[in-house]
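Take a look at the structure set out below.
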Amino acid sequence: MFFKIIFSLIFLSACSLGVVRSGGNKTYSYRPQEDYSLERLKSMSTDHVLTMRRDPHEAPLSKLFSPGLHPLKRVGIVVFETEIQPTRDGLTGKNLIYLSDAGKQIFTENFLKIWEESFGLLSSGIDFVPVRKIKQTPSFLLHGSSEDDFIKSNRSLIAPDDVFYLESGRNNTSVALMNPRGMRDLSLILIPASELMGGPKWSEHGKHFINDVAKELNLDAVLSIISYVSWTSAHTDKHSGEFIPEEMKINIRASTLIPLSQYHKRLKKLNDKRSPSVTVCLGKYESDVRLPINISQEDVKKNFDTISTELLTPMMKTYKDFSQMMISRIEEDLKKTW
C-alpha cells in the first residue's frame, strides 16, 4: 500500500511537469443586474479563465502551430457532457432542489445551445461546425454508445416536473452524467470523456474517434467540454465541522484537441519523420465560480417560481457569461496559428 501511494504521487508529479498555466487568478463576484457586453466579457476572460498548455515530446506547441503552418480555423464540438446536481445514494436534505433525468438532459442541451450560439457571436473568421452536422457522420456513430433519451416529447424548456423541492430521505434520480440527445457516450465507468482526452498533455484516449470524425468533416481541431453544476443549502459538514454557506458551484472545463493525422502533417512540415499515434491538446481551459443563492425558503414559497428566480436565472446567466469568456480564450489561441 505504501509503495502504491508513493507511485501515485510520483505519477501525478510527473504529469504536472511542463504544464504552463496562465490567467484565472481573480475571484468572480456575481452581479445579477449586470448585463456584460461581449467586449467586457472578453476583457474579463484573462482574469477568470485558467489556461493550461504543455508541449508534446516531439516539438513545442509554438512550432507545431506557428502561423507559417496550416491555420486552425475549422472546429466543432465532439464531446459535450454535464454533471448536474449528482444524487446517487438517496437524499440528505442539504440540497433541497432536485432535477429529474429529463431536467438534467434539457439543461445539458441548453448549455450546448449557449456554446454554439456564442461561437457564432464571438469568433470571427472561425468556421464552427454545428453538433447536428457532426452527429450525422458515419464515423461519429461508430464510437461510444448511444446516449439515453429521457425526454419523451419535443421540448427544450424546463417544467415543474423537471426541477422541484424534495424532502430528505426520498429516493431520486441516480443519473449524474448526461449528454445531449443524439450524442455518443464516450465515458469509461462514468469518468468524463474530457478527463480521458482533454488534459493539458497529449492523450491516448479517444484518439481514433477524434481522428475519424475530424477527417470526415475536414476539422482542424475539435472541442471536448464538460460542465459541473451543483448547489447546497447552508449546513455544517458532519466530517470536518466546516460551515458550508448556501451556494451554487459552476465548473466548466474545455480542451482544444488536434487529431493525430493533423499532428503527423505538422511534424512532416517540420522535417520530423516520426508519426506518434497520439492526440495533441493545444490548450485546456477551466473556470470555477461559486454563487450565493437563497433556496432555503418557508414551505409556502417552495415552488417552481422560487426555483426559477433563486436558482435557474443566476445559473443560466453565469453559465453563459463564463462560456463566452472561455470561448474568447479559445478563439485567441486558435488565431495565434493564423
Side-chain angles (χ1 to χ4, degrees), residues 21-52 82-85 94-99 103-104 106-124 156-158 162-163 165 225-235 242-254 284-298 301-332:
R21 293 171 170 81
S22 62
N25 53 5
K26 287 192 178 180
T27 303
Y28 175 77
S29 297
Y30 175 64
R31 297 181 178 89
Q33 306 305 321
E34 187 78 34
D35 188 15
Y36 298 112
S37 66
L38 294 178
E39 285 302 315
R40 175 67 177 139
L41 288 170
K42 189 170 185 177
S43 67
M44 292 166 58
S45 64
T46 304
D47 293 333
H48 300 299
V49 177
L50 171 66
T51 299
M52 289 172 278
T82 65
E83 187 179 271
I84 306 175
Q85 195 66 348
K94 67 182 181 181
N95 297 325
L96 294 180
I97 297 173
Y98 299 90
L99 283 168
K104 291 183 178 183
I106 288 173
F107 270 120
T108 300
E109 295 180 355
N110 286 334
F111 289 163
L112 173 60
K113 186 178 179 181
I114 287 173
W115 275 85
E116 294 209 292
E117 290 180 349
S118 298
F119 252 100
L121 290 171
L122 289 165
S123 51
S124 60
S156 59
L157 297 177
I158 289 290
D162 299 318
V163 57
Y165 280 92
I225 301 162
I226 186 165
S227 307
Y228 300 92
V229 180
S230 63
W231 52 84
T232 181
S233 62
H235 65 281
E242 179 187 0
F243 176 75
I244 309 297
E246 195 154 86
E247 65 181 6
M248 179 192 302
K249 300 177 185 177
I250 299 177
N251 177 255
I252 310 173
R253 303 176 189 178
K284 181 177 180 181
Y285 310 86
E286 184 169 355
S287 59
D288 198 357
V289 61
R290 299 188 178 199
L291 308 178
I293 55 175
N294 183 21
I295 57 175
S296 295
Q297 301 282 346
E298 54 187 293
K301 292 185 178 180
K302 290 183 177 180
N303 52 43
F304 185 68
D305 288 341
T306 297
I307 293 172
S308 296
T309 303
E310 302 293 343
L311 184 71
L312 305 188
T313 299
M315 177 174 70
M316 296 305 293
K317 173 184 168 26
T318 305
Y319 189 90
K320 177 182 72 70
D321 288 347
F322 272 83
S323 298
Q324 292 182 344
M325 281 191 270
M326 197 170 287
I327 288 171
S328 295
R329 298 299 302 275
I330 293 171
E331 180 202 26
E332 183 182 340

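Each residue takes its place number in the sequence, starting with 1.
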Practice task
Go through D47 and M325 one step at a time and tell me if the side-chain contact (heavy atoms from CB on, under 4.5 Å) criterion holds.
Solution key: CA-CA 10 Å; D47 293 333; M325 281 191 270; over 6 Å; no

Exercise for the section: Could you go through the side-chain contact (heavy atoms from CB on, under 4.5 Å) check for S296 and L96 one step at a time? Expected result: CA-CA 8 Å; S296 295; L96 294 180; 3.6 Å; yes

Practice task
Determine, stepwise, if the pair S227 / I250 fulfils side-chain contact (heavy atoms from CB on, under 4.5 Å).
Solution key: CA-CA 7 Å; S227 307; I250 299 177; over 6 Å; no

Exercise for the section: Decide yes or no on side-chain contact (heavy atoms from CB on, under 4.5 Å) for Q85 and V229, but give the supporting numbers first. Expected result: CA-CA 6 Å; Q85 195 66 348; V229 180; over 6 Å; no

Problem - E331/S123 under side chain to side chain donor-acceptor pair (under 3.5 Å): CA gap, chis, key distance, verdict - result: CA-CA 6 Å; E331 180 202 26; S123 51; 5.4 Å; no

Practice task
Please step through side chain to side chain donor-acceptor pair (under 3.5 Å) for the pair T306 and N303, ending with a clear verdict.
Solution key: CA-CA 6 Å; T306 297; N303 52 43; 3.2 Å; yes

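Judged by distance alone, the side chain of S118 and the main-chain N or O of W115 form no donor-acceptor pair under 3.5 Å. In this structure a side-chain-to-backbone donor-acceptor pair under 3.5 Å is present from Y165 to I295. Checked by atom type and distance alone, the side chain of T313 pairs as donor or acceptor with a backbone atom of S308 at under 3.5 Å.
Taken to the nearest 0.5 Å, the CD atom of Q324 stands 9.5 Å off from the CD atom of E117. Note that the CD1 atom of I106 and the CG atom of D162 stand 4.5 Å from one another [nearest 0.5 Å]. The line from CZ of F107 to CG of L112 is 14.5 Å long, rounded to the nearest 0.5 Å. Note: L122 CG to M326 CE = 13.0 Å, rounded to the nearest 0.5 Å. Rounding to the nearest 0.5 Å gives a distance of 8.5 Å between CD1 of I97 and CE of M248. Rounding to the nearest 0.5 Å places CG of N294 at 11.0 Å from OG of S233.
Residues D288 and Y228 have side chains not in contact (no heavy-atom distance under 4.5 Å, counting atoms from C-beta outward). In this structure, the side chains of F111 and M316 come closer than 4.5 Å at one or more pairs of heavy atoms. Taking 4.5 Å as the limit, some side-chain heavy atom of K317 sits within range of a side-chain heavy atom of Y36. At a threshold of 4.5 Å between non-hydrogen side-chain atoms, the residues E310 and I293 do not count as touching. Residues H48 and S287 fail the side-chain proximity criterion, which asks for heavy atoms closer than 4.5 Å. Proximity of M315 to W231: side-chain heavy atoms (C-beta onward) are separated by under 4.5 Å at one or more points.
In terms of heavy atoms, R21 sits closest to L50 at CB-CD1, 3.9 Å. When all heavy atoms are compared, the tightest approach of I158 to G103 is CD1-O, 3.8 Å. Closest of all the heavy-atom pairs between I114 and S323 is CG2-CB, 4.1 Å. Contact detail for T82 and K104: the closest heavy-atom pair is OG1-O, 4.5 Å. Across every non-hydrogen atom of G23 and R329, the tightest pair is CA-NH1, 4.2 Å. What you find for S156 and N110 is that their closest heavy atoms are O-ND2, 3.3 Å.
Classified by interplanar angle (parallel below 30°, tilted 30° to 60°, perpendicular above 60°), the ring pair F322/Y28 is perpendicular.
Taking a 6.0 Å sphere around CG of N25, one finds it holds more than 12 heavy atoms contributed by other residues, nucleotides or ligands.
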